[in-house]
*Asks:* 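Following this message is one structure expressed as structure tokens.
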Amino acid sequence: MPDRAPQPVDRQLPTDEARDLISLVRDIAQREIAPKAAEEEDAGHFPRDLFALLSDSGLLGLPYDAEYGGGDQPYEVYLQVLEELAAARLTVGLGVSVHTLACYAPAAHGTKEQQVEHLPAMLGGGLLGGYCLSEPSSGSDAASLRTKAVRDGDDWVITGTKAWITHGGIADFYTVMARTGEEGPRGITAFLVPGDAAGLSAAAPEKKMGLKGSPTAQIHLDGVRVPDARRIGDEGQGFAIALSALDSGRLGIAACAIGLAQAALDEAVAYATGRRQFGRPIADFQGLRFMLADMATQIEAGRALYLAAARLRDAGRPFAKQAAMAKLHCTDAAMRVTTDAVQILGGYGYTADFPAERYMREAKVLQIVEGTNQIQRMVIARHLAGPETR
């Protein structure tokens, strides 16, 4: 079969700087990320060296202030960078999205002193972050979390277990939500916890069906002592900070989903135009042509949806509903597109010799993380019809 190279996505970017940035990302993706993706995912290898390269290239703090080492890029540009990275390897795109999520609390709600002290290393100093909200018994119902932080002089002592933590056990810092007061959302406070803090440990990584190169693990906090200077925001403000962070994080997941779907479409087109049956390329058959057309349409619609939400965010306008819509549509689309890609490749699609089966396995988790798609539907409905009556 001939090697049909995919054409780069034709992007609408606001500045020449943004276009140069996308060119840089594509070069890194083609040279450093994509060639090792299949082998390292199969081996369960996390590419920490790549994250060091991304940090050195200024790609781990793109939507944050240049004053603290960020890239001062609008969200519509940052998300398209994520899409390019995820198309090359989802472990990398998702990892950058989670790191950006972990940086949100100090960047958006930290004091000036906290930002000066912590952000330069977090945004451009080679550090990698994790975000600790979920627990074994509180996933979708995040406000019921049980991890506690008790005041002891000028310190807080944190005890509990966090679950499903991306970069669990390898992160240099964690944004941790813990209960400091009453039950429910008003009793939760945010803390910035060093990854090497005494009393902090990680369980063995979860054994997952996909994203094997991205470690996901429980984090145990056994009397972890954190100074009050590492409390982010006011006491009791943590849940509001967490939800605000997730609105932006869901856009990151949406962009990663579209990147993964684009990679699957590119693979399907290359195979369908090269594979011959009955004397002609299988792409000549209407059944497959229509599948490819539907896949491309779902991708373009998802890209337009996440970019529309990002532009609202960049303009300082409410975007929570649109973020939920983008996360819902883009991740559902990624699941459909990757499944169809396997079908187009036929028996080859079910083998590890081609990346389509990996894309399909990876797509599933995007419908779950940072709020399941059932939760996204609840969020959207609340914006339309108000909160549920009880």
*Asks:* Could you tell me which residues satisfy side chain to side chain donor-acceptor pair (under 3.5 Å) with Q367, sequence neighbours excluded, listed by chain and number?
*Replies:*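 So Q367 forms a side chain to side chain donor-acceptor pair (under 3.5 Å) with D332, K364.
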*Asks:* Which heavy atom of G238 sits nearest to which heavy atom of M177, and what is that distance?
*Replies:*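 Looks like O-SD, 3.5 Å.
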*Asks:* Which pairs pass salt bridge (charged side-chain N to carboxylate O under 4.0 Å, His left out) with one or both residues in residues 98-121, sequence neighbours excluded?
*Replies:*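 Of all non-adjacent pairs touching residues 98-121, those that pass salt bridge (charged side-chain N to carboxylate O under 4.0 Å, His left out) are E67-K112.
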*Asks:* Please determine whether a side-chain nitrogen of the Lys or Arg among E362 and R89 lies less than 4.0 Å from a carboxylate oxygen of the Asp or Glu.
*Replies:*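 No, no charged N to carboxylate O under 4.0 Å.
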*Asks:* I want to check something: taking the side chain as every heavy atom from C-beta on, are T159 and L221 in contact at a cut-off of under 4.5 Å?
*Replies:*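 Result no, sub-4.5 Å side-chain heavy-atom pair not found.
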*Asks:* Salt bridge or not between D314 and R311? Use side-chain N to carboxylate O under 4.0 Å.
*Replies:*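 Not counted as a salt bridge, because no side-chain N and carboxylate O are separated by less than 4.0 Å.
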*Asks:* By salt bridge (Lys or Arg N to Asp or Glu O under 4.0 Å), which residues pair with D42, not counting sequence neighbours?
*Replies:*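 For D42, no residue satisfies salt bridge (Lys or Arg N to Asp or Glu O under 4.0 Å) once neighbours in sequence are set aside.
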*Asks:* Who passes ring pair (Phe, Tyr, Trp, His ring centres under 6.0 Å) against Y174, sequence neighbours left out?
*Replies:*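 Expected list: none.
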*Asks:* Near R280 CZ, under 6.0 Å, is it more than 12 heavy atoms from other residues, nucleotides or ligands?
*Replies:*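 Counting other residues, nucleotides and ligands, CZ of R280 exceeds 12 neighbours.
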*Asks:* Between Y64 and T100, is any side-chain donor less than 3.5 angstrom from a side-chain acceptor?
*Replies:*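 No - no donor-acceptor pair under 3.5 Å links their side chains.
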*Asks:* Taking ring pair (Phe, Tyr, Trp, His ring centres under 6.0 Å) as the test, write out the residues that go with Y104, two or more places apart.
*Replies:*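 Y104 satisfies ring pair (Phe, Tyr, Trp, His ring centres under 6.0 Å) with H109 only.
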*Asks:* Between D72 and A66, which heavy-atom pair has the shortest distance, and what is it?
*Replies:*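 Heavy atoms only, the tightest pair is OD2-CB, 3.2 Å.
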*Asks:* Start with the C-alpha distance between L246 and L133, add both sets of side-chain angles, then the distance that settles side chain to side chain contact (heavy atoms under 4.5 Å, CB included), and finish with yes or no.
*Replies:* CA-CA 10 Å; L246 286 174; L133 176 61; 3.9 Å; yes
*Asks:* Following the transitive rule for hydrophobic clusters with a side-chain heavy-atom cut-off under 4.5 Å over Ile, Leu, Val, Met, Phe, Trp and Tyr, establish whether I299 and L345 coincide in one cluster.
*Replies:*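 Yes; tracing contacts between hydrophobic side chains, which count when under 4.5 Å, links both residues.
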*Asks:* Could you measure the distance from the CD1 atom of I28 to the CG atom of L59? Nearest 0.5 Å is fine.
*Replies:* 5.0 Å
*Asks:* Can E235 and R151 be said to form a salt bridge (charged side-chain N to carboxylate O under 4.0 Å, His left out), step by step?
*Replies:* CA-CA 11 Å; E235 291 182 41; R151 189 73 180 254; 3.7 Å; yes
*Asks:* Is the CD atom of E388 crowded by more than 12 outside heavy atoms at less than 6.0 Å?
*Replies:*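 Check passes, neighbour count above 12.
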*Asks:* Donor-acceptor pair, distance only, cut-off 3.5 Å: does the side chain of T273 make one with the backbone of A270?
*Replies:*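 Flag set: sc T273 to bb A270 pair under 3.5 Å.
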*Asks:* List the residues meeting salt bridge (Lys or Arg N to Asp or Glu O under 4.0 Å) with R303, not counting sequence neighbours, and say none if there are none.
*Replies:* E83, E300
*Asks:* Enumerate, atom names and distances included, each donor-acceptor pair closer than 3.5 Å involving a side-chain atom of residues 31-38, sequence neighbours excluded.
*Replies:*
unit_1, atom_1, unit_2, atom_2, d
R31, NE, D27, OD1, 3.1
R31, NE, D27, OD2, 2.8
R31, NH2, D27, OD2, 2.9

*Asks:* Might you point out which heavy atoms bring L292 and A272 nearest each other, and give the distance in Å?
*Replies:* CD1-CB, 4.3 Å
*Asks:* Counting only heavy atoms from other residues, nucleotides and ligands, does the tally under 6.0 Å from CZ of F285 exceed 12?
*Replies:*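 Enclosed: over 12 neighbouring heavy atoms sit under 6.0 Å from CZ of F285.
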*Asks:* For D154, I'd like to know if atom CG has over 12 heavy atoms of other residues, nucleotides or ligands within 6.0 Å.
*Replies:* no
*Asks:* Spell out, as yes or no, whether a donor-acceptor pair under 3.5 Å connects the side chain of Q262 to the backbone of I258.
*Replies:*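 The answer is no, because no donor-acceptor pair under 3.5 Å joins these two groups.
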*Asks:* Check this for me: E40, atom CD, are more than 12 non-hydrogen atoms of other residues, nucleotides or ligands nearer than 6.0 Å?
*Replies:* yes
*Asks:* First locate atom CD of Q376, then atom CD of E370, and finally report the distance between them rounded to the nearest 0.5 Å.
*Replies:*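 So the CD of Q376 and the CD of E370 are separated by 9.0 Å.
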*Asks:* Just checking, any donor-acceptor pair under 3.5 angstrom between side chains of R179 and T147?
*Replies:*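 No, because no side-chain N or O of R179 sits under 3.5 Å from a partner of the opposite role on T147.
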*Asks:* Check salt bridge (Lys or Arg N to Asp or Glu O under 4.0 Å) between E182 and all other residues, then give those that pass, not counting sequence neighbours.
*Replies:* none
*Asks:* Please identify each residue that fulfils side chain to side chain donor-acceptor pair (under 3.5 Å) with T91, with sequence neighbours left out.
*Replies:* E41
*Asks:* Classify the ring geometry between F51 and F46 as parallel (under 30°), tilted (30 to 60°) or perpendicular (over 60°).
*Replies:*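 If you compare the ring of F51 with that of F46, the planes turn out parallel.
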*Asks:* Apply salt bridge (Lys or Arg N to Asp or Glu O under 4.0 Å) to R146 and list each qualifying residue two or more places apart in sequence or on a separate chain.
*Replies:*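 Per chain and number, R146 pairs via salt bridge (Lys or Arg N to Asp or Glu O under 4.0 Å) with no residue.
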*Asks:* Step through the shown structure and confirm whether more than 12 heavy atoms of other residues, nucleotides or ligands are within 6.0 Å of NZ on K208.
*Replies:* yes
*Asks:* So, S138 side chain and S134 main chain: donor-acceptor pair closer than 3.5 Å or not?
*Replies:*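 Judged by distance alone, no pair lies under 3.5 Å.
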*Asks:* Any Lys/Arg nitrogen of D172 or R48 sitting under 4.0 Å from an Asp/Glu carboxylate oxygen of the other?
*Replies:* yes
*Asks:* Check whether the side chains of Y78 and Q73 place a donor and an acceptor atom closer than 3.5 Å, and report yes or no.
*Replies:*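 No, no side-chain donor-acceptor contact under 3.5 Å.
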*Asks:* Applying ring pair (Phe, Tyr, Trp, His ring centres under 6.0 Å), name anything that partners H118, two or more places apart in sequence or on another chain.
*Replies:*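 Not a single residue meets the ring pair (Phe, Tyr, Trp, His ring centres under 6.0 Å) criterion with H118.
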*Asks:* Would you kindly check if the NZ (Lys) or CZ (Arg) of R230 is within the cone defined by 45 degrees around the ring axis of F191 and under 6.0 Å from the six-membered ring centre?
*Replies:*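 Verdict for F191: no cation-pi partner in R230.
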*Asks:* Please determine whether side-chain hydrogen bond (donor to acceptor under 3.5 Å, both in side chains) holds for the pair S201 and H220, giving the CA-CA distance in whole Å, both sets of side-chain angles, and the decisive distance to 0.1 Å.
*Replies:* CA-CA 5 Å; S201 62; H220 303 303; 5.4 Å; no
*Asks:* Suppose the criterion is salt bridge (charged side-chain N to carboxylate O under 4.0 Å, His left out): which pairs have a residue in residues 218-227, not counting sequence neighbours?
*Replies:*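 Residue pairs with at least one partner in residues 218-227: D152-R225, D155-R225.
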*Asks:* Verify the cluster assignment for I165 and V193: are they in a single hydrophobic cluster under the rule of side-chain heavy atoms below 4.5 Å apart?
*Replies:*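 They do share one cluster, since a chain of ILVMFWY contacts under 4.5 Å joins I165 to V193.
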*Asks:* Tell me whether Q343 contacts the main-chain N or O of D340 through its side chain, where contact means a donor paired with an acceptor under 3.5 Å.
*Replies:*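 Here the side-chain-to-backbone pair does not exist.
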*Asks:* Do the side chain of K327 and the main chain of L366 share a donor and acceptor less than 3.5 angstrom apart?
*Replies:* yes
